[in-house]
Amino acid sequence: MGRTTSVGPRKPSRHPAGPRSRWGSATALAATFALGFAVAFVSGSWTSGPDATQRRITELEQAEARRDVEQVGALTELARGGRERLAPVLEGMAKASPPHDAAPPAAPAIDEVRGWRDVVSAEVRRYAETPSAGNGVNVARTGMRTAVEQLAAAVDGFAAAVTAPPPLADDLLTLAGAQRTLALRTWSVAALQLDVISIHAGKGHVHVYLPSGPGSGTIPADTAPEGGG
């Protein structure tokens, strides 16, 4: 009899994963990542989408409105104080160089001009800083700062006229008076702007116009009561 050889079950051979199986794993991983990214994007859109953006815009607008209300109040107080401080200076300038040639110019005393310079220079310094505010407040503040700077230039003109010989002195007085009138017109524009933004801020009308007299070309105050509107 021939020898019988027993053959057991064959063990499965282990072959390294082929290119196709590796490609399938990578594809599955990429698909999983893309799906997770899409879910995260959609979830984020629910919490930080247009609604959240609009809420943030509204918050910023409300903060700016509150800031402007505060700045309108501060600028109003500054302008009112400036009107009181500048009124005597303007009265003296009107005597030295009457508007519209209502009377011949008369040179002021040098000590009087020095007093004007002290008052106006201090006013210029008060407007040196520009706090953060909206465009409406910035326009009003810039107009008032420009006006007091023009008044400072007018003071320099009066000072030059005091020591100048005639007829140059009369010409300098006339030029200084014209500079004064430009300052008054500039201030009146800024005062109108402040009146408008004060109403918008809920504070009502504010009238901080400087005394200028008829025919000066300044914007007159309206007849609405202070605080009304």
Side-chain angles (χ1 to χ4, degrees), residues 57-100 102 115-155 176-229:
I57 292 174
T58 301
E59 291 173 356
L60 292 174
E61 290 176 343
Q62 291 174 345
E64 182 177 354
R66 289 192 297 269
R67 179 194 62 190
D68 280 359
V69 169
E70 295 175 358
Q71 290 300 325
V72 166
L75 184 57
T76 299
E77 292 305 311
L78 178 60
R80 283 174 174 162
R83 180 180 57 187
E84 295 177 1
R85 291 183 290 267
L86 292 172
V89 174
L90 294 170
E91 182 180 356
M93 287 183 175
K95 293 178 181 178
S97 181
H100 316 299
W116 296 350
R117 177 167 286 157
D118 291 341
V119 173
V120 175
S121 296
E123 210 62 35
V124 170
R125 290 192 295 271
R126 289 186 177 93
Y127 285 93
E129 295 183 4
T130 304
S132 177
N135 290 335
V137 178
N138 289 337
V139 168
R141 179 181 292 275
T142 300
M144 290 176 176
R145 179 172 63 239
T146 303
V148 295
E149 289 172 349
Q150 289 174 326
L151 276 180
V155 171
Q179 186 71 58
R180 177 265 331 274
T181 300
L182 289 176
L184 293 174
R185 292 173 181 173
T186 302
W187 181 283
S188 71
V189 174
L192 175 61
Q193 172 68 9
L194 181 57
D195 190 18
V196 171
I197 61 177
S198 178
I199 295 171
H200 182 71
K203 292 180 174 293
H205 284 276
V206 291
H207 301 144
V208 293
Y209 297 86
L210 294 175
S212 56
S216 62
T218 60
I219 299 175
D222 55 41
T223 58
E226 190 86 1

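On a predicted model such as this, the values are computed, not experimentally measured, just so you know.
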**Q.** Within-4.5 Å side-chain heavy-atom neighbours: Asp68 and Ile197
**A.** no
Q) So, does Arg185 use its side chain to make a donor-acceptor pair with the main chain of Ser216 at under 3.5 Å? A) yes
Q. Does Gly204 offer a backbone N or O that forms a donor-acceptor pair with the side chain of Ser198 under 3.5 Å?
A. yes
Q | Student check: side-chain heavy atoms of Arg80 and Glu84 closer than 4.5 Å | A | no
Q. If we only count heavy atoms from C-beta on, is the Val148 to Arg126 side-chain gap below 4.5 Å?
A. no
**Q.** Shortest non-hydrogen separation from Gln150 to Ala183 and the atoms involved
**A.** OE1-CA, 3.2 Å
Q: Nearest 0.5 Å please: distance from the CD atom of Glu226 over to the NZ atom of Lys203.
A: 12.0 Å
Q) Does Thr181 use its side chain to pair, donor to acceptor, with the backbone of Gly177 at less than 3.5 Å? A) yes
Q | Nearest non-hydrogen partners of Val208 and Trp187, listed with the distance | A | O-NE1, 2.7 Å
(Q) Quick check: closest heavy atoms across Ala79 and Leu194, and the distance to 0.1 Å? (A) CB-CD2, 4.3 Å
Q) Could you state the interatomic distance from CD (Glu70) to CG (Leu75), rounded to the nearest 0.5 Å? A) 13.5 Å
Q. Which distance, rounded to the nearest 0.5 Å, do you find between the CZ of Arg141 and the CD of Glu129?
A. 9.0 Å
Q. Atom OH in Tyr209, atom CG in Leu184: separation rounded to 0.5 Å?
A. 13.0 Å
Q: Considering non-hydrogen atoms only, spot the tightest contact between Glu123 and Leu78 and give its length.
A: OE2-O, 4.3 Å
Q. Counting heavy atoms not belonging to His205, are there more than 12 under 6.0 Å from its NE2?
A. yes
Q) Do you know which two heavy atoms are closest between Ala201 and Val72, and how far apart they sit? A) CB-CG2, 4.4 Å
Q | Side-chain H-bond candidate by donor/acceptor type, Thr218 with Ser212, under 3.5 Å | A | yes
Q: Taking the side chain as every heavy atom from C-beta outward, state whether Thr142 and Thr130 have any pair of such atoms under 4.5 Å apart.
A: no
Q) Does the Ser188 side chain pair with the main chain of Ile219, one donor and one acceptor, at a distance under 3.5 Å? A) yes
Q: Kindly give the heavy-atom pair with the smallest separation between His207 and Arg83, and that separation in Å.
A: O-NH1, 2.5 Å
Q) Can you list the steps and then say if Val89 with Leu151 is a side-chain contact (heavy atoms from CB on, under 4.5 Å)? A) CA-CA 10 Å; Val89 174; Leu151 276 180; 5.9 Å; no
Q.
Closer than 3.5 angstrom, by distance alone: can the side chain of Arg180 be matched with the main-chain N or O of Ser97 as a donor-acceptor pair?
A. yes
Q) Are Val155 and Val119 side-chain neighbours, meaning at least one heavy-atom pair lies under 4.5 Å? A) no
